[in-house]
Amino acid sequence: MSTPVTEPANERTLNFIEEIVEADLASGKHKSIITRFPPEPNGYLHIGHAKSICLNFGLAKKYGGKTNLRFDDTNPVKEDTEYVDSIKEDVQWLGFNWANEFYASDYFQQLYDWAMEMIKKGLAYVDDQTQEEIRLTRGTVMNPGKESPYRNRSVEENVDLFTRMKNGEFKDGDKVLRAKIDMGHTNMLMRDPILYRIIHTDHHRTGSTWCIYPMYDYAHGQCDSIENITHSICTLEFDVHRPLYDWFIEKLEIFPSHQYEFARLNLTYTVMSKRKLLELVKNNYVSAWDDPRMPTICGLRRRGYTPESIRLFAEKVGVAKRNNVIDLSLLEWCVREDLNKRANRYMAVLNPVKVVITNYPEDKVEMMDAVNNPEDESAGKRQLPFSREIYIEHDDFMENPPKKYFRLSPGNEVRLKYAYIIKCEEVIKDEPGNIKELRCTYDAETRSGGSSSRSVKGTIHWVSAAQAVPAEVRLFDRLFTEAHMDDIPEDKDYKDYLNTESLQLTKAYLEPSLKELKAGTNVQFERLGYFVADKDSKPEQLVFNRTVTLKDTWAKIASK
RNA sequence: UGUCUUAUGGUGUAAUGGUAGCACAACAGUCUCUGAAUCUGUUUGUCUAGGUUCGAGUCCUAGUAAGACAACCA
């Protein structure tokens, strides 16, 4: 269903992770590579995850390796099957196939056995302190922590206690298993990190089998190791976790997976925090996870973004370790770039003004040839009805035009795309002075495709009034009105900056051939932008979402 | 005030001791029956101060700035 994206012609430069991989392959450190995409199933994937997906899967694809999809489901309180399903759907939609579908919970028994091994090696202990006590005795980034009074329990006692933890003899919070490292370590994560906590909550996959659950740090590296992940790629904020990641692997003497960090994606006008996105959904600030304003993969999909455009975007933003904020215009460029080659052109009028062509016969209807896609000849042609009364875009007429206005104005001529050149002879207004109708004449010699050599500066789109199909469109804009979350003042609620108006439906008139368009089909409304037929669209009520506008240089000229 | 990470045009990203390049944005021009796209061109950059070197964006030292870390989240 998806054609290959416009891959960059020459790929001379490698990102730093590709360089590492090439070096590892060249030195024989690894014969082939295995990567993994490890989402926690506690929310929907967004454009930031797309970058990670493209990196992990793209890397394996490029170097002939494979990629696992692994759900990091170590916290039953936050996770749900709903999210598992959506994540799988989104990864596939983006165009990637995983070698294996794994779950951290698949490894609970192995992780437990390893924990026992750690205890027996004297590297882990059961701590009875309360959460509060543990927090207080951890110290601060500036000051070392204090050792737990339970730190030096005997191996036998620890084995007994941990076994009983597993058997459900204790309540949530009564005890935890901790690694015995160094309470004075400059890295807070090395100050006897918690390995297991007691949670008497059913897990979406393991049910009530377990009441102790491993923490991220104890689980992640080992899961990578079990799967022989050669390059474990995560975002920058995990770099302080790497010493711990390595510590477990070293102490357990298991496959040495290695973690590499890259900068996560930030986009202007966009919120990328899963927590905040969840809040937007739960509080109904947006209609759902796939609200077309959402930066989620499913939101972008409903908005008409293509997998190719998102992959192209991931390619363009690059991979580095520097914190970044990408301009939304780059994403929009990627969408236009892709859609420009594949979306058929149609005519639609969003804000109509009626035009009566006074010298055109009353009952005549001509069928005009229209090219579906000038970028793609195989897209073919269609026929458009033309008649005496048409609608044109309100913006395409100005009573008192500025100097460089090329479109319709009194006494001026303009080309109706695929039809005739018309001249505005008269403006008819209602009582308050609003333009009601334009009376024009047409030049019968100038029919599109004919022999006339006359040319005018402006070309506008139109639909025949009698045959026009009414529809509704959503003219989405960006999710936030400010350039970035960071630009929203501290004392303001970010929800006040949400674009809510753009969700509203606007009436439109479409050319008749759009009547049967299937939901999810990308089209370009001539001169208006790229649109997509929404999933709610029905033959009796057509609904379109605007994917992205065409670059509107006229608006810039006009605003000068 | 600790540890770690980072610092190249407006925004991203290359240059691995040897001509600072590419993309987006911006601007100008060219085409065009889409003021789009295409095509051409222009503007704008190595955080600071020292040092090593024939030569430093790159290596060293110091400073500055930004980010991360003190959940029984991931």
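Naming convention: chains lettered A, B, ... in sequence-line order (proteins, then strands); numbering from 1 in each chain.
Nucleotides B:U52 and B:G67 are separated by 31 Å at their C1' atoms, to the nearest Å. Comparing the C1' positions of B:A56 and B:A15 gives a spacing of 13 Å, expressed to the nearest Å. Rounded to whole Å, the C1' atom of B:A36 lies 33 Å from the corresponding atom of B:A20. When the C1' atom is used for both B:G18 and B:U58, the distance is 11 Å, rounded to whole Å. Comparing B:U46 with B:G10, their P atoms sit 9 Å apart, to the nearest whole Å. The same atom, C1', is picked in B:A14 and in B:C22; the two are 7 Å apart, to the nearest Å. Taking atom C1' in both B:U38 and B:U44, the straight-line distance is 25 Å, to the nearest Å. Only the P atoms considered, B:G50 is 16 Å distant from B:G55, to the nearest whole Å.
In the interface, the side chain of A:Ser329 is not paired with the base of B:C24 through any donor and acceptor atom under 3.5 Å apart. Judged by distance alone, with hydrogens and angles left aside, A:His241 brings a side-chain donor or acceptor within reach of the base of B:A74, the pair sitting under 3.5 Å.
Contacts of A:Val141 with the nucleic acid, taken as non-hydrogen atoms under 4.0 Å apart, include base atoms. Counting non-hydrogen atoms under 4.0 angstrom, A:Thr130 reaches a base of the nucleic acid. Using a 4.0 Å heavy-atom distance criterion, A:His185 is classed as making no nucleic acid contact. A:Arg454 comes within contact range of no nucleotide atom at all, as no heavy-atom separation falls under 4.0 Å. When heavy atoms are screened at a 4.0 angstrom cut-off, A:Val319 is found touching the sugar-phosphate backbone but no base atom. Base engagement by A:Gln129 is indicated by at least one non-hydrogen atom pair under 4.0 Å involving a base atom. At the heavy-atom level, A:Tyr418 lies under 4.0 Å from base atoms of the strands shown. At a threshold of 4.0 angstrom between heavy atoms, the contacts of A:Thr74 are confined to the sugar-phosphate backbone, with no base atom among them. Residue contacts shown for A:Glu237 are limited to sugar-phosphate atoms, with no base heavy atom under 4.0 Å away.
RNA chain B is contacted by both A:Asn324 and A:Ile198; A:Asn324 maps to the nucleotide lying nearer its 5′ end (nearest heavy atom per residue). With the nearest nucleotide of RNA chain B identified for both A:Thr186 and A:Ile199, A:Thr186 has the one nearer the 5' end.
Salt-bridge annotation for A:Asp224 and A:Arg70: present, with a side-chain N of the basic residue lying under 4.0 Å from a carboxylate O of the acidic one. A salt bridge between A:Arg382 and A:Glu511 is present, with a side-chain N of the basic residue lying under 4.0 Å from a carboxylate O of the acidic one. The pair A:Arg454-A:Glu445 does not count as a salt bridge, with every side-chain nitrogen at least 4.0 angstrom from each carboxylate oxygen.
Of the residues listed (A:Asp127, A:Ile212, A:Asn158, A:Val126), the one engaging A:Leu177 in a side-chain contact (heavy atoms from CB on, under 4.5 Å) is A:Val126, and it is the only one.
There is a side-chain donor-acceptor pair under 3.5 Å between A:His220 and A:Arg36. A:Asn372 and A:Lys381 share no donor-acceptor pair across their side chains, judged by distance under 3.5 Å alone.
In this structure, the CD atom of A:Glu332 is 16 Å from the C1' atom of B:G12, given to the nearest Å. Rounded to an integer number of Å, the gap from A:Met142 CE to B:U3 P is 8 Å. Counting to the nearest Å, the P atom of B:C72 and the CG atom of A:Asp174 are 15 Å from each other. To the nearest angstrom, P of B:A70 lies 14 Å from CD of A:Gln131. The distance from atom CG of A:Leu55 to atom P of B:U13 is 13 Å, rounded to the nearest whole Å. In this structure, CZ of A:Phe16 is placed 16 Å from P of B:G12, rounded to the nearest angstrom. In this structure, A:Asn143 places its CG atom 13 Å from P of B:U3, rounding to the nearest Å.
With a glycosidic angle more than 90° from 0, B:A20 adopts the anti conformation.
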Sugar-phosphate means primed atoms, P, OP1 and OP2; the rest is base. With that split, encode nucleotides 34-40 of chain B 5' to 3' as B, S or - using protein heavy atoms under 4.0 Å. BBSS---
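Distances shown here put every side-chain N or O of A:Arg264 at or beyond 4.0 Å from the OP1 or OP2 atom of B:G67. Dashed line: the shortest gap from a side-chain N or O of A:Arg70 to OP1 or OP2 of B:A74 is not under 4.0 Å. Within the 4.0 Å cut-off from OP1 or OP2 of B:A26, at least one side-chain nitrogen or oxygen of A:Lys556 is found.
Relative orientation of the A:Phe386 and A:Tyr420 rings is tilted, given thresholds of 30° and 60° on the angle between their planes. Relative ring orientation between A:Phe531 and A:Phe525 is described as parallel, the plane-to-plane angle staying below 30° on a 0-90° scale split at 30° and 60°.
Atoms CZ and CG, on A:Phe71 and A:Asp106 in that order, are 11.0 Å from each other to the nearest 0.5 Å. Here CG of A:Asn68 is found 4.5 Å from CD of A:Glu227. Values are rounded to the nearest 0.5 Å. From A:Thr35, atom OG1 reaches atom CG of A:Asn56 across 4.5 Å, with rounding to the nearest 0.5 Å. Between the CD1 atom of A:Ile460 and the NZ atom of A:Lys417 there is a distance of 12.0 Å, given to the nearest 0.5 Å.
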Atom pairs under 3.5 Å, N or O on each side, protein against nucleotides 4-7 of chain B: can you list them with distances?
{"unit_1": "B:C4", "atom_1": "O2'", "unit_2": "A:Asp239", "atom_2": "OD2", "d": "3.3"}
{"unit_1": "B:U5", "atom_1": "O4'", "unit_2": "A:Asp239", "atom_2": "OD2", "d": "3.3"}

Stepwise salt bridge (Lys or Arg N to Asp or Glu O under 4.0 Å) test for A:Glu261 and A:Arg242: CA-CA 9 Å; A:Glu261 307 88 16; A:Arg242 183 157 24 85; 2.6 Å; yes
Start with the C-alpha distance between A:Arg527 and A:Glu393, add both sets of side-chain angles, then the distance that settles salt bridge (Lys or Arg N to Asp or Glu O under 4.0 Å), and finish with yes or no. CA-CA 10 Å; A:Arg527 305 198 334 129; A:Glu393 208 67 53; over 6 Å; no
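Shown for residues 187-196 of chain A: residues whose heavy atoms fall under 4.0 angstrom of RNA chain B, namely A:Met188, A:Ile194.
Seen from the ring of A:Tyr103, A:Arg205 counts as a face-on cation partner, given the 6.0 Å and 45° thresholds.
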The dot-bracket string of RNA chain B, counting Watson-Crick and G-U wobble pairs with both distances under 3.5 Å, using [ ] for crossing pairs and | for pairs to another strand, is .((((((..((((....[..)))).((((.........))))....(((((..]....))))))))))).....
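Identified under the salt bridge (charged side-chain N to carboxylate O under 4.0 Å, His left out) test for residues 189-198 of chain A, with sequence neighbours left out: A:Arg151-A:Asp192.
For A:Phe162, the ring pair (Phe, Tyr, Trp, His ring centres under 6.0 Å) test picks out A:Tyr112, A:Tyr196, with sequence neighbours left out.
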